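Inspection log for the structure reproduced underneath, given as structure tokens.
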Amino acid sequence: MKIICVNAGSSSLKFKLFNMKNEEVIASGLFERIGISNSDYIIKFNGQKIEQEIEMNNHLDAVQILLDKLVSLNIISSLSEIDGVGHRLVHGKDKYKDSVIITDEVIQDLTDYKEFAPLHNPANVLAINAFREVLPNVMMVGVFDTAFHQSIEEENYLYAVPREWYSEYGVRKYGFHGTSHRYITETLTSKLGRSDLKIINCHIGNGGSLSAIKNGKCINTTMGFTPLSGIMMGTRSGDIDSSIIPYVMEKEGMNANEVIDVLNKQSGLLGVSSKSEDMRDILRGIDEGDTECLLAFNKYCRIVTNFIASYYVELEGADIISFTAGVGENSYPFRKKVCENLKCLGIKIDDSKNEEAFGKYAKISTDDSLVDVYVVPTDEELLIARDTLHFIQNV
Ligand code: ADP
């Protein structure tokens, strides 16, 4: 059973081909600059890497090249070996609470929800249509980034603004990174053999969000109407006082979209440090005595700590705090600082276990810590492939 998992952007397409017998990745790759000049692709398989610059005018060209290459490189013997295609979809509004088989209705909804994810939903539709054309009889499944957060209740998803903004325009917290938060929840549930866990999951990559999870269901999350809110991130500000926006518009002679662009692309770690959005650079800066890097790091850890503390109260305690994604999986100084900030909750980590847990599943708290702390590598593509397999086997 072989399943392709696809993550499409407006000019890119990432894929992983899984053999679902053992959940092994047989091939993976990235097609870039689709529809722009100098488009190229990389395909990795069996320890090899193929790279080529080739004209790709649209997503259909990319998908055709991808499938041709899978066969010509003998990664699969024919296209009939592909049993399913799983698509990472971004915005399903409040209609999609679970993964779905992709139908005309789903494509129409993705198009209708374009305003909510202007870069991602149209790209998802392009990739779906391309695969439909080339593999018309293969089942396609969509896994929404927003779906896991649909269990959040009104009290948490509504903003304290006029009700009509929600009823008329859909203004509410949607949350993102849901596929990752769900993957971590399912991994911990299965590894620990318990479905009654209270988990505070910290997905800290370039983008970042925390979720509070109880009995496998999300009850709160930090991202909101868009991915801009919640914690400070690599280049995003996270929560700010919204009155800053018109104030800066006036001072800088910018329009609202230009200010939002700065909040998305020039803020966060980058904005506070004035150096970099990459945690590795920030840590290097701290080692070299850069006080702005230290401030950015401390501020980042403080904001994450405060959300953990808030979710700890909301969950009435926690069994697990888990760290995942680029920073969460790989940066022991980040985890150490956040956990030190939480010591009044009886949370203690073992420094050597923390330092050894580099990108791998590990418990890093001490035996007497009142909450267990884990590093859990995320794998959104695998979850998408598993959901696709589920539909193939159950329909
Ligand atoms: P995205 O949100 O783009 O999916 P990732 O989850 O891949 O991001 O995380 C990327 C970030 O992870 C980088 O910007 C970098 O800050 C951080 N990162 C990766 N490796 C390390 C490391 N060894 N130490 C600290 N931070 C790291």
Side-chain angles (χ1 to χ4, degrees), residues 5-16 25 28 30 32 88-90 117 119-120 123 143 145-146 175-184 187 201-211 221-223 226-238 264-288 290 292-294 296-301 303-304 322-339 351 354-362 364 375-384:
C5 176
V6 180
N7 184 350
S10 48
S11 64
S12 69
L13 190 144
K14 266 192 247 170
F15 84 94
K16 272 189 185 171
V25 177
S28 63
L30 173 63
E32 282 189 298
R88 180 212 176 206
L89 304 180
V90 171
L119 294 179
H120 293 99
V143 180
D145 240 20
T146 47
F176 299 87
H177 291 144
T179 313
S180 174
H181 288 295
R182 194 182 126 214
Y183 177 84
I184 304 302
T187 301
N201 185 47
C202 310
H203 175 113
I204 316 286
N206 194 18
S209 65
L210 273 64
S211 284
T221 195
T222 56
M223 282 180 169
T226 71
L228 182 54
S229 69
I231 62 167
M232 162 183 166
M233 306 172 213
T235 60
R236 293 192 192 119
S237 62
N264 268 305
K265 296 183 185 153
Q266 293 173 46
S267 301
L269 276 180
L270 175 64
V272 179
S273 71
S274 315
K275 306 271 166 3
S276 173
E277 72 266 32
D278 192 306
M279 186 59 89
R280 288 163 290 200
D281 297 334
I282 300 295
L283 292 170
R284 216 170 295 125
I286 295 172
D287 285 345
E288 290 162 3
D290 187 314
E292 286 176 323
C293 286
L294 182 62
F297 177 80
N298 284 341
K299 184 168 177 58
Y300 200 166
C301 294
I303 292 171
V304 171
S322 45
F323 289 97
T324 193
V327 177
E329 289 169 30
N330 301 312
S331 178
Y332 71 82
F334 174 83
R335 298 187 299 250
K336 183 178 163 81
K337 180 75 182 171
V338 169
C339 291
D351 282 337
N354 183 34
E355 286 175 32
E356 281 161 25
F358 187 81
K360 62 174 194 224
Y361 179 85
I364 59 169
V375 175
V376 187
T378 194
D379 194 340
E380 291 157 271
E381 292 88 357
L382 178 56
L383 188 68
I384 293 169

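Everything quoted here is computed from the prediction, not taken from an experiment. Counting convention: from 1, in listed order, for ligands and their atoms alike. For the numbers below, each heavy atom of this structure counts, side chains included, while hydrogens, waters and symmetry mates do not.
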Original post:
Which distance, rounded to the nearest 0.5 Å, do you find between the CZ of Phe176 and the OG of Ser229?
Top reply: 8.5 Å
Original post:
For the atom pair CZ (Arg182) and CD (Glu380), what is the distance rounded to the nearest 0.5 Å?
Top reply: 11.5 Å
Subject >> Flag side-chain contact, heavy atom, 4.5 Å: Phe334 against Cys202 >> reply: no
Original post:
With sequence neighbours left out, what residues match Thr179 under side chain to side chain donor-acceptor pair (under 3.5 Å)?
Top reply: Asp145
Subject >> Ser211 versus His177, side-chain donor and acceptor atoms under 3.5 Å >> reply: no
Original post:
Any salt bridge between Asp281 and Arg284, counting N to O under 4.0 Å?
Top reply: yes
**OP:** Show the protein residues that qualify under the rule heavy atom under 4.0 Å from an atom of ligand 1, listing them in chain and number order.
**Re:** Gly205, Asn206, Gly207, Asp278, Met279, Arg280, Ala325, Gly326, Val327, Asn330, Ser331, Phe358
